[in-house]
Amino acid sequence: MTHVKSAGPCYTRLHNQIFIAMILGAILGSQFGEDAAFWLGWLGTLFVRLLKMVIVPLILTSIVTGVASIGSGRDLGRLGLKTLTYYIATSMLAIFVGLALVNTIRPGVGADLANAARENVPDLQPPSSLGDIFIRMVPTNPIEALASADMLAIIFFAIVLGVGITRLPEAPRRTLSDFFNAGFELMMVVTGGVIRLAPLGVLGLITSAVAAAGLDTFKPLAWYAVTIVSGLAIHMFVTLPLLLMLIGGIKPLTHYRNMRDALVMAFSTSSSSATLPVTMQCLEERVGVSNRVTSFVIPMGATINMDGTALYECAGVIFISQVLGIGLDFTGQVTVAITALLASIGAAGIPSAGLVMIFIVTDAVNLKGPEVALIIGAMLAVDRPLDMLRTMVNIFSDSCGAAIIAKSEGETAVNA
Ligand code: ASP
């Protein structure tokens, strides 16, 4: 894969088109509500289907290529260690910000959620336990994992294949490396084609999202939303840029600019997985991160590294405890912090995954029963806009990780 750092007129036009589509979608969705969603929503649905069509082959080929090209076990171990350290450290930083804010603003104290909760409870399905998620990372049938887009299992299987390839004798190693590499390049070309349709997809997605979010439901949850949004903003505009500058020596403004297509895509789709192809393209073609680092760090990051989700899980559960009038002591808050980290790792990169995983965290601190489900139901009423923002933060953190790790590996082209 070549790393062209061109910002040609076509690229700029696409970016502007996406921006115009967002504004148009917001206007149409708020003015014409369900009618607009009916006429335009299908564009968004089709666009997300196209993105999803790319994801499984892209993840498989890119991780296999990434792991196989890293070569020796020592290099793989070093890159793996850096990546995991970055994922855990940034998620913990986000969690601290969430903890600090929710304990200062105390949005749950006195919030009356009865109305907002009314219609949402039946939609929620509590997830399987953390232990289960861990065990199911190892697929008994890789083909089934691929067919059902089970991301953690696909990642595991792809790493195993990649490591296996490095152990083969020269001839089959080259054949298989070339095969997966060619598959990866093909998927990036297909992705490029799908991304050209982004303005239409974004128009459909934003129109439906705005039409669906009735403004009245927001009122009792306003402080809760303010807490989450402030936390996400601090992480995105203070913590991560500081890491970019201090550890990577990378200019944050340039990085925002380079990643803007991925950020818009994350915002419109609320899905890290659906955004994955765009994230990879921005990193390789705009930021100048090598394919070796991108294909290792990003597919895993899209599923495992979710700073925005971690912050949200933690602040959300403490919000629930405040609504119920149950004070969580220090041990309780530490338990929330740790389970929030694990829940964010286990959350799939799809819309509202974070909200569903919140049951794991509430369980860990013994917040159970119908009232809890009712409050989570109320939170669902405002989840879409919060999900759009936390997905953006999730993606941005992945991209900072790739850039910082690439710099630490001696890649001088990054943001040059
Ligand atoms: N939608 C988020 C993502 O894909 C996950 C979440 O719900 O927090 O990154």
Side-chain angles (χ1 to χ4, degrees), residues 44 47-48 51-52 54-56 58-59 87 90-91 94-95 97-98 120 123-127 133 149-152 154-155 201 205-206 208-209 212-213 224-225 227-229 231-232 235-236 240 259 262-280 297-317 319 336 339-362 376-377 379-402:
F47 181 61
V48 170
L51 282 170
K52 287 189 175 162
V54 184
I55 295 165
V56 169
L58 181 68
I59 290 199
Y87 288 168
T90 53
S91 297
I95 287 174
V97 171
N120 297 305
D123 292 330
L124 296 169
Q125 288 289 330
I133 291 173
D150 183 349
M151 293 306 170
L152 286 176
I154 296 175
I155 291 174
L205 289 166
I206 298 286
S208 325
Y224 156 72
T227 311
I228 304 280
V229 172
L232 293 175
H235 196 65
M236 175 122 175
L240 291 174
M259 291 308 299
L263 295 177
V264 170
M265 209 62 73
F267 183 80
S268 332
T269 59
S270 284
S271 166
S272 299
S273 295
T275 311
L276 174 79
V278 193
T279 317
M280 295 185 72
V297 176
I298 294 303
M300 268 186 264
T303 312
I304 293 172
N305 181 45
M306 295 193 177
D307 296 0
T309 305
L311 183 150
Y312 160 83
E313 302 282 342
C314 164
V317 171
F319 166 76
V336 168
T339 28
L341 172 71
L342 297 175
S344 74
I345 292 175
I350 55 171
S352 286
L355 186 74
V356 177
M357 292 302 281
I358 218 166
F359 281 105
I360 285 186
V361 191
T362 49
I376 296 178
M379 289 156 76
L380 181 63
V382 294
D383 194 53
R384 185 66 189 201
L386 296 180
D387 195 6
M388 293 161 113
L389 294 172
R390 65 179 186 255
T391 308
M392 245 169 95
V393 174
N394 292 346
I395 286 300
F396 190 66
S397 171
D398 294 343
S399 76
C400 294

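Just so you know, ligand 1 is whichever comes first in the structure, and atom 1 is the first atom listed for that ligand. Along the sequence shown, residues are numbered consecutively beginning with 1.
- With sequence neighbours excluded, the residues that form a ring-ring contact (aromatic ring centres under 6.0 Å, His included) with Phe396 are His255, Tyr256.
- The closest non-hydrogen atom to atom 9 (O) of ligand 1, taken over Ala274, Ser344, Gly354, Ser272, comes from Ser272.
- Under the 4.5 Å side-chain criterion, counting only non-hydrogen atoms from C-beta, Leu232 is not in contact with Tyr312.
- In this structure the side chain of Arg390 reaches within 4.5 angstrom of the side chain of Asp383, judged on heavy atoms.
- Not a single N or O atom of Met306, backbone or side chain, sits closer than 3.5 Å to an N or O atom of ligand 1.
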task = Could you please spell out the steps behind the side-chain contact (heavy atoms from CB on, under 4.5 Å) verdict for Asn394 and Asn305?
result = CA-CA 7 Å; Asn394 292 346; Asn305 181 45; over 6 Å; no
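- Where the criterion is an N or O separation shorter than 3.5 Å, residue side chain and backbone included, Ser273 fails it with respect to ligand 1.
- Close approach of ligand 1 to Arg390 is summarised as follows: ligand atoms under 4.0 Å from at least one heavy atom of the residue are 6 (C), 7 (O), 8 (O).
- Ligand 1 places these atoms under 4.0 Å from at least one heavy atom of Ser271: 4 (O).
- When heavy-atom distances to ligand 1 are checked against a 4.0 Å cut-off, Ile350 comes that close only through its backbone atoms N, CA, C and O.
- Looking only at protein heavy atoms, the nearest one to atom 2 (C) of ligand 1 is Thr391 OG1, 3.3 Å.
- Residues Thr309 and Met357 form no side-chain contact, since every pair of their non-hydrogen atoms from C-beta on lies 4.5 Å or further apart.
- Residues meeting the side chain to side chain donor-acceptor pair (under 3.5 Å) test with Thr269, sequence neighbours left out: Thr275.
- Residue-ligand proximity, Thr309 to ligand 1, at heavy-atom distances under 4.0 Å covers atoms 5 (C), 6 (C), 8 (O).
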